[in-house]
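Below is one structure, written out as structure tokens; comments come after it.
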Amino acid sequence: MNPKDINIDPKLLSPYNPAETEARIYKIWEDSGFFNPDVCIEKGVTNADAKPFTIIMPPPNANGRLHAGHGLVMTLQDIMTRYHRMKGEKALWVPGADHAGFETQIVYERKLEKEGRSRFDMSPEDLYKEIYNFTIESKQFMEADVRRIGASCDWSREKFTLDPTVVKTVQQTFDKMFKDDLIYRGDRIVNWCAKHQTSLSDLETEFKEKADKFYYFEYGPFTIGTARPETKFGDKYVVMHPDDKRYAQYRHGDKFTAEWINGPIEATIIKDDSIDMEFGTGVMTITPWHSNVDFDIAIKHNLDKEQIIDFKGKLLPIAGEFEGQHISKARALIVEKLDKKGLLVKVDEAYKHNVKVCYKCETVIEPQIKDQWFVKMAPLAKRALEVVEAGKIKFYPSNYEKIFKYWMENTIDWNISRQIIWGIPIPAKICEKCKKGYSDLEDTLTTCECGGNLKKDTDTFDTWFSSGQWTLLALGYPDLKDVNIYHPTSVMETGADLIFKWIPRMVIFALYLKDEIAFKDVYLNGMVNDEKNQKMSKSKGNVISPVELIDVYGADALRMALVVGNTPGTDLALSKDKIKGYKNFANKIWNITRFVLSNPEPINNEINDTDKKLIEEFDLLIADYTKDIEEYRLYMAAEKIYHYVWHRFADEILEESKLVEDANAKSSRQNTLLYILENFIKALHPFMPFLTEELWSIILRSDKQLLLVSAWPKK
RNA sequence: GCGCGAUUAGCUCAGUUGGUAGAGCAACCCGUUUACACCGGGAAGGUCGCAGGUUCGAGUCCUGCAUCGCGCACCA
């Protein structure tokens, strides 16, 4: 039928065209100012004494576009925010952008590499400036993507993780923790990436299976096994298990002389029960400077530690004739020399083991002992554990509480120093003589208590040190204007992989700085995978960008596809067929509206008993649906309303109403259809905001306000 | 090695305090009658991983096993 034949709004051309609608609607919302709860109060759509509802957006990296996972995160948070806003609460969703320290620097380094440049040839200031400009530029693309999804966040409050006030506050936190004896300077073994020239936390490394040769060498009276002969120059301890009968004749502390790579050395026998008797010969020599396990043994027995490999991966003078060689080349030469000396016993050609690599470039991590800043985790973790055990923070799904607790019960001190430019500088001074570290916010200290010269620490903070304070920082802390109203935040919604990287740190810092929980609820979403449920990755070429999907199917359809059937904590297989299904749904609603509006106007306000039952049925559904949203069962709420609208309202109620002939009954039914239509459009708004706002502007209604700030349907 | 999760229709997954199995998609048959073919109607499809246990009653609770996935740790 020609749409012109229908006596309704000419805007209602079929089919629904999301591409034409969405940008226009978003602009209307943004111009209205209603994403900002202050404006809502000012204009009288929200009561000044209404309950606050706060979500802090996990700031997307400012260095690129959004990926499908962001699409899910933005959708979930937008649904929650829109729902609470319509309920009349002071709903605040604070957007952000993350400088993403290490990540951004890597992105930028790749760019430099392509241009044939290197950060090591640039002054730190120039590099910082370039990355800053790059990030500010990229940030706009990220923000545009967030808008495309329909996020109703308060852009006027957007925070960037390198805003000057943020930097200042983070540095103050460091100073406070230093004074509270929660931060110390420590000589500890760190994960060193020789390519990126920085230390990494355990969470920034991965294990990769590698096949290497495994060598057996004669070492005095013993045969030792190793996969890394190049570290062995300084080895002067042999370690074996105290219960190993094969070596019962040797005693702890005994010394002997062994012929070794560059001549004879004196070695000492150490007995330690951390040795695996089954592995190799049950005897090993240790290199405490370049191995975590060896380091622990050395600390336990108070053994000497010596650096063999420099921070670029080259051998130090201790290597004698091999000095200056890169370890990758030196290994074979060292083996050859030992072989010539008759010390090579045998070689296992295919030894498989897991090697720690940099999670970004897969360079093999070289453990190094380095002077770094560490946070004492135990006392902080204890408090975080207490509030969770007291039930003050709830997890969705609930089993993540276990993971949180496990993590808090097994903390190790946190290395917060990073040797990168792109981050918040650590406001500290280090003594050139005795290496003692001081916090120095005002940059005034010059001399150490030992008389040595104090030098500025050139390191920056691990990003999670500032991100951990984000619930407060995003609200303007230490300015308490917003903090007093909106903190603790209502819900922290983020990817389940952040259960240990981020969630505990936010809990810890909010307790430490403000003596408050950071959030009442934690909602953890799973990964968004491709339609075969495989992880999206650039190398597989199966990455789908949310914006491309929006271009084809519309934002509302994508949002529904991301939410329906997606329980918290579980990964989602996102298929185009699924999104297409919800594009059809959008069109269905469009046509339902066309149909209802094309019916004759009711002759009065009467509703008969038959129709009252339909209204009752609908109201019950909405009550149930509301409860589902309230309790974070968004996957179920969305499915229920979908089912009602399509298969109950359209397929049955509308079809049946076509058969009603009596004038009074017809009028009663039309009143009923209008009531249900108006209210399901309201109820569906958090899930499908663009379509519903557009329809709201077309249908007859009592309330002329934007749907964005209309009252939630209630019985 | 330690921990977590999953196992339900061909596929993707729901199933909220235990009460005779649900949705979407796909496949099948039929159908253009006042919105919508981006549609409607209909039918089909499951010993709810396996084995025990608790119970009047178990997809749901308990124990064990198997398979898959994920996380953490890790061998010189």
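Residue numbers start from 1 in every chain, and the chains themselves are labelled A, B, ... in the order their sequence lines are given, proteins ahead of strands.
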Report which part of the nucleic acid [X] touches: base, sugar-phosphate, or nothing (heavy-atom distance under 4.0 Å, all strands).
| X | answer |
| --- | --- |
| A:Phe279 | base |
| A:Asn587 | base |
| A:Lys627 | nothing |
| A:Asn410 | nothing |
| A:Glu531 | nothing |
| A:Lys578 | nothing |
| A:Tyr635 | sugar-phosphate |
| A:Gly282 | base |
| A:His290 | nothing |
| A:Tyr351 | sugar-phosphate |
| A:Arg228 | nothing |
| A:Asn292 | nothing |
| A:Ala650 | base |

Cationic N near anionic O, under 4.0 Å, [X] to [Y]:
| X | Y | answer |
| --- | --- | --- |
| A:Lys405 | A:Glu401 | yes |
| A:Asp628 | A:Lys640 | yes |
| A:Glu204 | A:Lys360 | no |
| A:Asp530 | A:Lys532 | no |

**Message:** Check the phosphate of B:C74 against A:His353, side-chain N and O only, distance under 4.0 Å to OP1 or OP2. Yes or no?
**Reply:**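 No.
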**Request:** Respond yes when some side-chain nitrogen or oxygen of A:Asn584 is under 4.0 Å from OP1 or OP2 of B:A37, and no when none is.
**Result:**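 No, A:Asn584 has no side-chain N/O under 4.0 Å of OP1/OP2 on B:A37.
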**Item:** Side-chain donor-acceptor pair present, A:Lys356, A:Asn191, cut-off under 3.5 Å
**Value:**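 A:Lys356 vs A:Asn191: donor-acceptor pair found between side chains.
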**Request:** Establish, from distance only, whether the side-chain atoms of A:Glu601 and A:Gln670 form a donor-acceptor pair under 3.5 Å.
**Result:**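 Not at all, the side chains of A:Glu601 and A:Gln670 share no donor-acceptor pair under 3.5 Å.
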**Request:** Give a yes or no on whether the ring-centroid distance for A:Phe279 and A:Phe214 is below 6.0 angstrom.
**Result:**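 Yes: the rings meet the under 6.0 Å criterion.
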**Request:** Send over the distance from A:Asn399 CG to B:G71 P, rounded to a whole Å.
**Result:**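 For the pair A:Asn399 CG and B:G71 P, the rounded distance is 15 Å.
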**Message:** My validator wants the stems of RNA chain B: runs of 3 or more consecutive Watson-Crick or G-U pairs, both distances under 3.5 Å, written as range with range.
**Reply:**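 Paired runs of 3+ in RNA chain B: B:1-7 with B:66-72, B:10-13 with B:22-25, B:28-31 with B:39-42, B:49-53 with B:61-65.
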**Asked** Take atom NZ in A:Lys666; do more than 12 heavy atoms of anything else shown fall under 6.0 Å from it?
**Response**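 Yes, the 6.0 Å shell around NZ holds more than 12 heavy atoms from other groups.
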**Selection: residues 559-568 of chain A, any non-hydrogen atom under 4.0 Å of RNA chain B** =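 Residues of residues 559-568 of chain A under 4.0 Å from RNA chain B: A:Gly565, A:Thr567.
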**Pairwise salt bridge (Lys or Arg N to Asp or Glu O under 4.0 Å) hits with a residue in residues 214-228 of chain A, at least two apart** =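 Qualifying pairs, neighbours excluded: A:Arg228-A:Glu230, A:Arg228-A:Glu366.
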